[in-house]
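Letters go in sequence order (proteins before strands), and every chain restarts at 1. Any value given below was found using the heavy atoms of this structure, including those in side chains, with hydrogens, waters and symmetry copies removed.
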2 protein chains.
Amino acid sequence: MAELEAISLLKHNNLRLTDCRKEVVEIFFSQQHAVSQPELEHKLGQYDRVTLYRTLTTFLNKGIIHKVLDDSGLTKYALCAGECNEHHHEDEHVHFKCIQCENTTCIDTLSVPVITLPEGFTFLDANLLVRGVCKVCNNLTTH
Amino acid sequence: MAELEAISLLKHNNLRLTDCRKEVVEIFFSQQHAVSQPELEHKLGQYDRVTLYRTLTTFLNKGIIHKVLDDSGLTKYALCAGECNEHHHEDEHVHFKCIQCENTTCIDTLSVPVITLPEGFTFLDANLLVRGVCKVCNNLTTH
DNA sequence: ACAAGTTTGCAACTTTGTTGCAAAAGACCT
DNA sequence: AGGTCTTTTGCAACAAAGTTGCAAACTTGT
């Protein structure tokens, strides 16, 4: 049951168990693609916008979720792989944005290539966003 | 002189020569880093926000500028390399965002590596955003 | 200098995101 | 289960980013 997993994740991160947090975690568990605050607001109409923003900020600080770059201007979030915590994030996966359904997903089978920056630059992290048409949308148009 | 280049670029794209368009093009010419609408508004206080948004949209459609990914939530733009037009964009350069001065620049010496997507996905384009500290900020802190 | 079409500025609005504060709810102890 | 302490929530108000409709001003070609 998804709720038990959600509770377990919250407890592991020393977070109080509230309905809002549980439901937000369950949405991250159940969805393959990155989520924005407006999308959460739409799915969980019962919670205030402010509460959802604060929930996302809390999860971000705990290393439960990470920001996903997107060309829409919206800030989107996705679950971290597991190596992240309060002090360190490690989310260098490749993200794929479908130009038809507009969903952004993590592609776990690919990793961001090693980048050698020019002299004088210091590397912190890298984000790769690939755009195209996803599996689901490709199937829909060819059938 | 920068104004002549700006006029030439606008004429090549069949755009009317207006003060606003000329000044926006000149800013793109004179700056190394990507520009957001609020930044334009701040530098060119004389034009209405709406006009600047519409100017950016026009340039985007003509292939004069392209969107640059950024982790700030702001939409930023930079000049296209030259192979772009109304029908086709080709801007697969690597962008570098400095976490100190917050400027985003194109790194021309690097190119986005070739990506092989999983079965069923169609590739359109790719954007790589590297974060770190830029040359200028590194020099400032070591002196 | 004129006519035709384009661009601009203004007003009004929508959406996204933030902050302060009092009320409600969670966690812990007995 | 009840009491207490702390965290979280919802509300109101605000700030910033971005959009739309329309009349006035400007560009361009003749």
Candidate nucleotides [options], ranked by approach to the side chain of [X] - the nearest:
X: Pro38(A); options: dG17(C), dT7(C), dT8(D); result: dG17(C)
X: Arg49(A); options: dG9(C), dT18(C), dG10(D); result: dT18(C)
X: Thr18(A); options: dT16(C), dG20(C), dT9(D); result: dT9(D)
X: Arg54(B); options: dG17(C), dG18(D), dC22(D); result: dC22(D)
X: Arg16(A); options: dA27(C), dC11(D), dT9(D); result: dA27(C)
X: Leu17(B); options: dT6(D), dT28(D), dT20(D); result: dT28(D)

Length of the line joining [X]:[atom1] and [N]:[atom2], which is rounded to integer Å:
X: Asp48(B); N: dG21(D); atom1: CG; atom2: P; value: 16 Å
X: Asp70(B); N: dA17(D); atom1: CG; atom2: C1'; value: 14 Å
X: Leu52(B); N: dA17(D); atom1: CG; atom2: C1'; value: 13 Å
X: Gln46(A); N: dG10(D); atom1: CD; atom2: P; value: 8 Å
X: Lys76(A); N: dT15(C); atom1: NZ; atom2: C1'; value: 15 Å
X: Leu10(B); N: dT27(D); atom1: CG; atom2: C1'; value: 13 Å
X: Leu15(B); N: dT28(D); atom1: CG; atom2: P; value: 10 Å
X: Leu74(B); N: dA15(D); atom1: CG; atom2: P; value: 18 Å

Please classify the nucleic acid contact of [X] as base, sugar-phosphate, or nothing, using heavy-atom distances under 4.0 Å.
X: Arg21(B); answer: sugar-phosphate
X: Thr75(B); answer: sugar-phosphate
X: Ser36(A); answer: nothing

Presence of salt bridge, Arg131(B) and Asp71(B), under 4.0 angstrom: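 Salt bridge between Asp71(B) and Arg131(B), a charged N being under 4.0 Å from a carboxylate O: yes.
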
Looking at Gln32(B), I'd like to know if its CD atom is crowded, meaning that more than 12 non-hydrogen atoms belonging to other residues, nucleotides or ligands lie closer than 6.0 Å. no

Cluster check [X], [Y]: I/L/V/M/F/W/Y, side chain < 4.5 angstrom:
X: Phe96(B); Y: Leu74(B); value: no
X: Val35(B); Y: Leu44(B); value: yes
X: Ile27(B); Y: Leu60(B); value: yes

Taking for each residue the nucleotide of DNA chain D bearing the nearest heavy atom, is the 5' side occupied by Thr51(A) or by Asp19(B)?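 Going by which nucleotide is closer to the 5' end, it is Thr51(A).
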
